[in-house]
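The next block holds one structure in the form of structure tokens; read it before the comments.
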Amino acid sequence: MKRFELTGLPLVKPLLKNRWPQLLLLAGMLAGFLFAILAGLIGTPVGSHNFGIVFTWITWWAILILVAVPFFGRGWCAVCPIPLPGEWLQRGAVLGPIDKKPRWPNLRWPNKLRNIWLQNAAFTLVALFSSVILTSPAVTSIVLAGMLFLAIGLSMVFERRTFCRYLCPVGGFIGLYAQAAPMELRVKDRRVCAACVGKPCYRGSQEGYGCPWDVFPGGLSKNTACGLCLECLRTCPSDNIAINTRPFAADLQTPLARPDEAFKAFIMLGAAMLYSAVLLGPWGALKDAAYRVGSPEWFGYAAVFLAVIFGVLPGLFRLAAGRHFTAFATALIPLGMLFWAAFSLSFVLTNASYIASTLSDPFGWGWNLFGAAGLAWQPLLSGLVAPLQTLALVGGLLWAARTAQRVGVQRGVSSAPVILFCLATTLAMLGLLL
Amino acid sequence: MNAKVFGTLSLLFVIGLVVAFVPLPVRFASTGTQRTIRIEAGRYAYTPGEIQVDPGDTVTLELASHDVVHGLYIDGYGLALTADPGQTARLTFVADKTGSFRFRCNVTCGAMHPFMIGRLQVGFNDWLYRSVALAVLAVGGLFMLRRIP
């Protein structure tokens with residue numbers, strides 16, 4: 001498969017190896033993140049007029065799901081501010097490595113938890129409360145602050161970026177879908193890594209830190225766990241690290257082998273379908289049930305939600321895929337990613353006009369910083385939403401079916417039942433969105 | 001890529017374009033019926049949440065709010081009306097565009113405001129059926145291509 005080394009371009013590698021551009025970008029992101037938390041706590045409780053809600057669930061979400069994940073894989077993780085304060089404290093430094101022994105225990109994360117089951121649970125938990133989180137600025141702030149403090153706390157006890165790797169509710173699905181992205185960080189020659197003494201990319205050196213994601217780059221074959229933090233680019237003494245463009249879905253040539261990742265695919269697929277019904281559908285009783293957390297209706301909604309993502313969808317898929325359940329779940333990666341794109345297109349374009357007004361009045365206090373606070377709500381490109389959704393859903397189906405066919409050939413079994421499963425879920429999604 | 005595969009792909013592409021864009025040969029006769037539909041708005045929901053009219057109908061929407069000020073904006077038509085609590089607002093229009101259109105609250109009414117959504121269907125939701133046909137064509141095409149040696 002054709003690859004093009006981006007780090008081979010003039011200026012790219014020096015720019016990426018230099019810590020300052022990354023630090024400035026991350027500091028800006030951290031400032032925005034803290035401002036979003038502040039706005040949620042002290043600003044108006046009306047979500048559509050609060051920076052915390054509009055910039056988290058419209059701007060950031062649109063960039064993440066429509067651009068960053070499909071095209072840059074874990075590109076968001078490279079600039080995510082959440083691990084930053086904890087990492088600074090853990091290292092005792094903001095910029096380069098220092099010659100000091102860490103003051104913290106730096107424990108290894110337990111072997112039994114070295115998977116994404118906790119991330120699956122964290123995402124599911126957030127998803128169950130999403131109607132409140134998405135619409136209430138204070139709750140959004142509490143969730144964002146909770147993630148920040150959890151990341152800091154874990155950095156004080158465990159080594160590297162434990163929160164990102166094993167707990168972040170967003171990182172789990174980014175890692176899963178990053179496998180489809182046309183970008184990767186890989187070593188140029190594995191033999192160089194095998195012969196390398198000391199493995200500074202993993203253990204660190206004067207040039208940089210050991211991989212914060214606990215990955216040995218010489219063994220990287222998928223995008224799932226590499227957070228594109230660029231430390232290995234700095235530490236490799238043999239200039240053996242490259243960032244490449246590549247064909248879409250290159251990692252999907254090798255089917256999934258882990259049930260935690262397979263279930264992540266079901267959680268994401270099911271959540272996209274359920275959100276489409278609850279948030280974008282015309283059924284008021286469903287919205288009410290999802291919003292009234294703690295009421296009997298909400299418990300019913302939660303039970304259905306859990307039953308669909310952990311029972312109905314995997315159960316039907318099991319009937320289709322048989323004992324190749326995990327391998328065939330690879331097909332759900334492009335399918336789910338484009339389900340999310342189709343779902344997000346609708347509410348992002350509908351609510352994008354709030355971005356300008358919220359920038360002008362981030363707390364909803366009647367400010368008008370840029371003269372845009374009074375802009376009336378107006379849906380954007382509403383005539384294009386349905387065709388774009390069809391394009392995403394049918395494109396995702398085609399991509400999923402091709403992936404299933406490849407798995408079927410590798411395993412010597414028919415992929416037809418899995419493709420029919422993908423078709424059935426796509427038709428359901430079309431019915432919900434169009 | 002061999003000639004058979006290329007030919008099949010080209011054929012599928014042309015069929016796809018036909019399915020997606022060629023106007024339907026059936027024209028729905030406009031009945032021009034006058035319809036008045038009352039919609040109750042309250043707590044992030046419209047009742048009824050789904051309304052169906054025929055193409056060409058002259059539709060009067062009566063929007064009544066139970067709790068706070070609610071609006072109703074119809075995607076695709078770009079029409080809007082606003083109802084104060086306890087009062088009924090009216091909007092009359094000719095349903096001259098067919099398909100499925102979301103209508104949504106355009107007055108900030110509370111937490112779930114962005115998701116206060118209903119659906120207006122005018123005649124036949126042909127884009128849904130075209131999309132379903134495209135999905136089936138995509139899968140069918142893949143099976144066809146696999147059979148080519």
Side-chain angles (χ1 to χ4, degrees), chain A residues 45-49 53 57-58 131-132 134-137 139 275 278-288 290-291 346-347 350-351 354 376-379 382-383 385-387 389-391 393-395 397-398 401-402 404-405 408-409 415-416 419-420 422-423 426-427 429-431 433-434, chain B residues 12 16 19-21 40-51 71 73-78 80 97 99-121 125-143 145-146:
Chain A
V46 179
S48 49
H49 295 289
I53 289 283
W57 301 123
I58 299 175
S131 293
V132 177
L134 289 175
T135 55
S136 164
V139 179
Y275 280 3
V278 174
L279 299 177
L280 303 182
W283 304 289
L286 253 180
K287 292 180 211 293
D288 206 39
Y291 185 71
S346 180
F347 85 83
T350 303
N351 296 299
Y354 288 126
W377 169 84
Q378 187 69 34
S382 58
V385 171
Q389 286 175 322
T390 297
L391 201 62
L393 293 174
V394 175
L397 171 66
L398 206 51
R402 280 293 297 136
Q405 281 185 336
V409 169
S415 55
I419 294 173
L420 289 178
C422 295
L423 176 64
T426 303
L427 296 183
M429 200 63 180
L430 284 168
L433 290 177
L434 299 180
Chain B
L12 288 169
V19 169
F21 298 112
E40 309 278 342
R43 202 173 161 77
Y44 322 126
Y46 296 105
T47 310
E50 294 176 274
I51 53 182
Y73 174 93
I74 309 173
D75 287 359
Y77 280 82
K97 296 174 191 167
S100 180
F101 305 91
R102 282 196 162 73
F103 55 87
R104 54 185 91 239
C105 186
N106 63 339
V107 178
T108 303
C109 61
M112 287 283 280
H113 156 71
F115 304 114
M116 184 168 173
I117 292 168
R119 194 180 284 174
L120 163 71
Q121 188 162 319
N125 184 3
D126 72 325
W127 185 250
L128 172 63
Y129 294 105
R130 286 176 194 270
S131 301
V132 167
L134 285 172
V136 173
L137 179 70
V139 168
L142 267 187
F143 283 119
L145 285 168
R146 278 218 62 198

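Every chain is numbered from 1 and lettered A, B, ... according to where its sequence line falls, protein lines coming before strand lines.
- Chain B forms more heavy-atom pairs under 4.5 Å with one residue of A:Thr426, A:Val132, A:Ile53, A:Ile419 than with any other, namely A:Ile419.
- Heavy-atom pairs under 4.5 Å with chain A were tallied for B:Leu137, B:Val132, B:Val136; the largest tally goes to B:Val132.
- Of the two parts of B:Thr108, only the side chain, counted from C-beta on, holds a non-hydrogen atom closer than 4.5 Å to a non-hydrogen atom of chain A.
- At a 4.5 Å heavy-atom cutoff, the contact between A:Leu280 and chain B is made by backbone and side-chain atoms alike.
- Here B:Asn106 pairs with A:Trp377, B:Tyr73, B:Ala80 under the side chain to side chain contact (heavy atoms under 4.5 Å, CB included) rule; sequence neighbours left out.
- Ranked by non-hydrogen atom pairs under 4.5 Å with chain A, the options B:His113, B:Arg146, B:Arg130 are led by B:Arg146.
- Both the backbone and the side chain of A:Ala416 come within contact range of chain B, judged by heavy atoms closer than 4.5 Å.
- Every residue two or more places apart in sequence or in another chain was checked for a side chain to side chain contact (heavy atoms under 4.5 Å, CB included) with B:Ala45, and none qualifies.
- Counting only distance, with no hydrogens or angles, the side chain of B:Arg102 and the backbone of A:Pro282 share no donor-acceptor pair below 3.5 Å.
- Distance alone, capped at 3.5 Å, places no donor-acceptor pair between the A:Lys287 side chain and the B:Met112 backbone.
- Contacts with chain A were tallied for B:Ala135, B:Gly49, B:Ala138; B:Ala135 has the most, counting heavy-atom pairs under 4.5 Å.
- Using a 4.5 Å cut-off between heavy atoms, A:Pro45 makes no contact with chain B at all.
- Only the side chain of A:Leu427 comes within contact range of chain B, with heavy atoms under 4.5 Å apart.
- Counting heavy-atom pairs closer than 4.5 Å to chain A, the top-ranked of the candidates B:Met116, B:Glu50, B:Arg104 is B:Arg104.
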